[in-house]
Each structure stands twice: as C-alpha cells, then as structure tokens.
Amino acid sequence: MAKEGHPRGLYLLFATEMAERFSYYGMRAVFTLYMVAALFTMESASEIYGYYTGLVYLTPLLGGYIADRYWGNRRSIEVGGLLMALGQLLLFLSASVVHPAIYEAEGAIDPAVDNRWAVALMMGGLFFLVLGNGFFKPNIATMVGSLYRPDDRRKDRAFTIFYMGVNVGATLGPLVCGVFEGDWMNPTRFKWAFLCASIAILVSTLTFHLLKNRFLRDYEGNAIGTEPTHHEKVAKHQLSKKEKQHIAVIFIIAAFVIFFWAAYEQAGVSLTYFADQQTDRHIFGWEMPTSYFQSFPAIFVVLLAPVMNLVWEMLGRWGHEPSSVMKQAIGLGFLSLGYALIAWGVKDLDPTVKVSMWWLTGLYFIHTLGELSLSPIGLSLVSKLSPKHLASLMMGIWFMSTAVSNMLAGQLATLYPDGSSKSLLGIVDITSLHDFFMVFVVMSGVAAVALACMVPVLKRMMRDDNS
Ligand code: GLN
C-alpha cells in the first residue's frame with residue numbers, strides 16, 4: 001500500500017458501492033427462484049434473467065453520457081440510486097400481490113391463476129433497475145478515478161480497494177436476501193428479500209447524499225462529480241489526436257475483455273450445472289447447496305485483493321510491475337488456466353461419476369486471481385486514459401463489454417454436453433465435458449496471447465508524447 005494512504009472519499013465510494021452491490025446481488029440471488037416459483041417456466045425465467053443481466057450493463061452508456069454532458073456524477077448517482085430503490089420496491093409489491101401458481105403438472109402453471117399484476121409490477125421493477133444501474137454504475141467508478149491526480153500511481157490500488165467493496169456487497173447480499181427465499185406454495189415470502197434490497201440501495205444513496213460534500217474532493221481540494229462546466233461541454237467536439245488514440249485503446253481492450261466475462265460468467269450457468277450434477281458437495285457428511293459455489297469468487301476477491309495489491313506493490317518496488325494492459329492479458333491467462341485445471345480433472349470422466357469439489361474450488365480461486373488482475377485494473381486504466389470530459393461515457397463503454405459478454409455467456413453455455421450432438425460454430429464437435437471446458441481454455445488463452453503481443457503497440461498509443 002502506498003505510504004501516504006488513500007483519500008477519505010475512496011471509503012465513501014467504497015461504502016456506497018458496497019450497499020448498492022448488496023442490493024444488486026441480493027436481488028439476483030432470489031430473482032429466478034421467484035419467477036419460477038409463481039410466474040414463468042424455467043426457460044422463460046432464464047431468458048428474462050439473461051436480458052436483465054445484459055441490459056443492466058448496457059444502460060451505463062446512457063448514464064455515462066448524461067453525466068458528462070448534463071448532470072455530473074453526483075446527481076447521476078443519486079438519481080440512479082433512487083430509481084433502483086423504486087425498482088426493488090416494485091418487485092416487493094409484485095411479490096406482495098402474487099398468487100401461488102398451483103402447478104397442475106410438473107412445470108405447468110395453472111392458467112386459472114391470474115398473476116397479471118404481479119408480472120406487470122415485476123417488469124416495471126426491472127425497467128427501473130436497468131435504468132437506475134445505468135446512472136449509478138459508471139459514475140461511481142469514474143469518481144474513484146477523479147479523487148487522484150491523472151498519473152497517480154495509487155490508482156490501481158485504489159480501484160482494487162473499491163473492488164473489495166463491490167465484493168463484500170456481493171457476498172453479503174445473497175446471504176441476507178437468501179434468508180427470505182420462498183417457494184411455489186409461498187411465493188409472497190420473496191417480498192422480504194426485495195424489500196431488503198430496496199432498503200440497502202436507499203441507505204447507500206442517502207449516505208452518499210449526506211457525505212458527498214465533505215469527502216468527494218480531488219487532490220487539490222476541489223469538489224468532484226459536479227455538473228460539467230460550459231468549457232467541458234464544448235470540449236466534447238474537439239478531441240486531439242492523442243485523445244483519440246487513448247479512446248481507441250479503451251475500445252480495443254474492452255473488445256478483449258468480452259472474452260474474459262463470457263467465460264467467467266459461466267459461473268451462473270454451466271459451472272452451476274456442473275456443481276449440481278457432477279460435483280460431490282459433501283463436507284463431513286453435510287451436502288453444500290449448489291448455489292453456494294457462486295459466492296466463492298466474491299469471497300476470494302475480498303480475501304485476495306490485499307494480497308494482489310501487495311504483489312503489485314512489491315513488483316513495483318523492484319521495477320517489475322506489469323503495465324495495466326499487460327495485467328489485462330494476465331487476467332485472461334489466469335482464466336484459461338482455471339479452465340485447463342478443470343478440463344484435466346474431467347478428462348475421460350464417466351458421466352455418472354462425481355468429482356471432488358476441490359476442482360471447482362481451484363477453478364474459482366484461479367479465476368479470482370484473473371479477475372483481480374483484470375477488472376479493477378481495467379477500471380483504473382479507463383480512468384487514466386479517458387479525456388476528463390468523456391470519463392463517464394468511456395466507463396459506460398467499458399461496461400458495455402460486460403453486457404455483450406453476459407449475452408454471449410448464455411449462448412456458450414448451451415454447448416454444455418447433455419447427450420445430444422453439439423458443435424461450436426459447426427466446426428468443433430463437443431462430445432464431453434472435457435471438450436466443453438477446452439473451448440474456454442482456448443478462447444481465453446488465445447485472447448491472452450494476442451493481447452500480450454499487442455502490449456507494445458498499445459503502450460505506444462497510450463504515451464502522451466506521440467501526437
Ligand atoms: N463483479 C463486478 C461488479 O459487479 C464485475 C462487473 C463487470 O465489470 N463485469 O461490479
């Protein structure tokens with residue numbers, strides 16, 4: 001850690017983001033269960049879930065643009081927070097009016113049950129969540145960067161600390177909201193989970209509102225995240241050659257990062273099927289629920305973030321700290337390695353045999369090393385490279401790659417072997433789990449090597465003195 005510590009504003013942003021992510025991941029943990037319990041078939045529920053997780057990362061483009069052009073980060077975060085609180089409240093109302101769907105046969109919902117209000121309220125809730133996240137997510141990340149001088153070496157560390165906040169929230173949200181899991185006989189019980197999520201984001205927004213003036217200042221003591229000045233608005237149309245090159249670097253890296261999240265996000269789909277069907281989850285006689293595996297990466301992030309910061313710090317002292325772009329390639333490399341481990345574990349495995357849970361645990365451990373190398377450092381990189389008056393829009397573009405990934409992740413997961421014949425783009429046959437995992441080994445491995453080869457070019461584009 002840098003000797004001079006970090007500005008106090010970082011900890012306000014940490015707390016605000018932590019409570020918001022608590023709300024986001026808490027809702028996500030029970031959302032499909034709620035839909036399946038009373039409103040939709042599993043297939044429709046998965047589809048809605050896919051659209052939702054995709055769209056929440058698309059709206060940051062809009063939220064980033066509006067902040068840079070009109071509102072500034074502060075107001076955008078507050079509007080976003082309130083919209084999300086409203087969204088969660090509508091989900092609470094949806095689950096308050098829902099009727100048990102009295103299943104006639106397995107998976108078929110009794111058509112006599114009228115849940116139109118519950119569906120309408122739920123869709124309204126999702127709309128506000130998608131919109132609210134768009135205003136909140138890119139702007140809070142942009143503000144972390146604004147606390148520091150553009151070239152401050154502490155930025156990578158700062159974003160890693162901030163990222164711990166993300167994951168403390170991501171760990172606690174499902175644990176708390178998950179307590180209020182309902183089922184098909186008692187779907188109204190879910191409403192308490194949504195209410196918890198609503199309260200969390202409201203508390204987050206209120207804390208931010210009350211403390212922003214005190215703590216959110218840059219290195220010279222000027223308030224950050226306020227409305228853009230006239231000069232900044234005008235500057236939007238006049239990008240220098242250097243600024244254009246910096247923006248190009250962000251686009252290129254964001255394109256590579258799509259491969260990272262598309263493979264990483266298998267956690268919620270194919271890796272969960274694998275945990276369910278092919279993993280022995282017994283620990284001293286107790287069988288761990290399948291969904292618990294999904295909190296492993298978040299817990300690992302919280303545990304490993306300080307270690308990673310220390311590693312970068314030590315390497316930095318010896319003059320060997322990899323560049324931010326190289327860290328993106330290293331992140332992709334770790335992802336490939338994690339899948340290589342599990343591909344090896346399931347080689348020639350009989351489909352009826354269950355493997356030890358160490359394989360998945362090992363995969364998530366390695367993936368987290370990759371995530372810490374790529375995700376917070378990526379935010380830091382975007383913050384360093386963005387022209388000041390486009391900083392939030394650029395953050396929105398960065399998150400857009402996650403939107404694309406989330407949609408791609410679902411497609412790739414359909415290759416999970418289930419006995420039917422499957423092939424990747426009609427070229428490679430996927431006949432076993434080993435083949436399936438190798439798709440991700442190759443995909444992220446090739447992306448890692450390609451990006452590593454491009455580092456010198458990208459570094460040249462990033463330098464300030466080549467215009
Ligand atoms: N887990 C992180 C978060 O929720 C990652 C987001 C992303 O960039 N895909 O903020």
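One-based numbering, in listed order, for ligands and for the atoms of each.
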Evaluate Arg21 for polar contact with ligand 1, using N/O atom pairs at a separation under 3.5 Å. yes
Report, in ascending order of atom number, the atoms of ligand 1 lying under 4.0 Å from any heavy atom of Tyr163. 1 (N), 2 (C), 5 (C)
Would you confirm whether Arg217, through its side chain, and Ile224, through its main-chain N or O, come within 3.5 Å as a donor-acceptor pair? no
State which residues pass ring-ring contact (aromatic ring centres under 6.0 Å, His included) with Tyr416; sequence neighbours excluded, sorted by chain then number. Tyr273, Phe436
Around atom OH of Tyr52, are there more than 12 heavy atoms of other residues, nucleotides or ligands at under 6.0 Å? yes
Phe259 atom CZ, neighbour heavy-atom count above 12 within 6.0 Å: no
Hits for side chain to side chain donor-acceptor pair (under 3.5 Å) against Ser401, two or more places apart or cross-chain, chain-then-number order -> none
Atoms of ligand 1, numbered as shown, that sit under 4.0 Å from any heavy atom of Lys137: 3 (C), 4 (O), 10 (O)
With heavy atoms only and a cut-off of under 4.0 Å, state how Trp398 meets ligand 1: side chain, backbone, both or neither. neither
Identify, by atom number and element, the atoms of ligand 1 in contact range of Thr402, meaning under 4.0 Å from any of its heavy atoms. 7 (C), 8 (O), 9 (N)
Using 4.0 Å as the upper bound for N to carboxylate O, is an ion pair formed by Lys327 and Glu321? yes
Proximal atoms of ligand 1 relative to Tyr57 (non-hydrogen, under 4.0 Å): 3 (C), 4 (O), 6 (C)
Checking the N or O distance criterion of under 3.5 Å, is ligand 1 in contact with Asn167? no
Give yes if a backbone or side-chain nitrogen or oxygen of Ser375 is under 3.5 Å from a nitrogen or oxygen of ligand 1, and no if not. no
Is Glu265 in contact with ligand 1, taking contact as a heavy-atom separation below 4.0 Å? no
Short list, please: which atoms of ligand 1 are under 4.0 Å from a heavy atom of Phe399? 8 (O)
Aromatic centroids of Phe437 and Trp344 separated by under 6.0 Å: no
Just which atoms of ligand 1 are under 4.0 Å from any heavy atom in Tyr25? 1 (N), 2 (C), 3 (C), 4 (O)
Drop me the distance from Ile366's CD1 to Thr361's OG1, to the nearest 0.5 angstrom. 11.0 Å
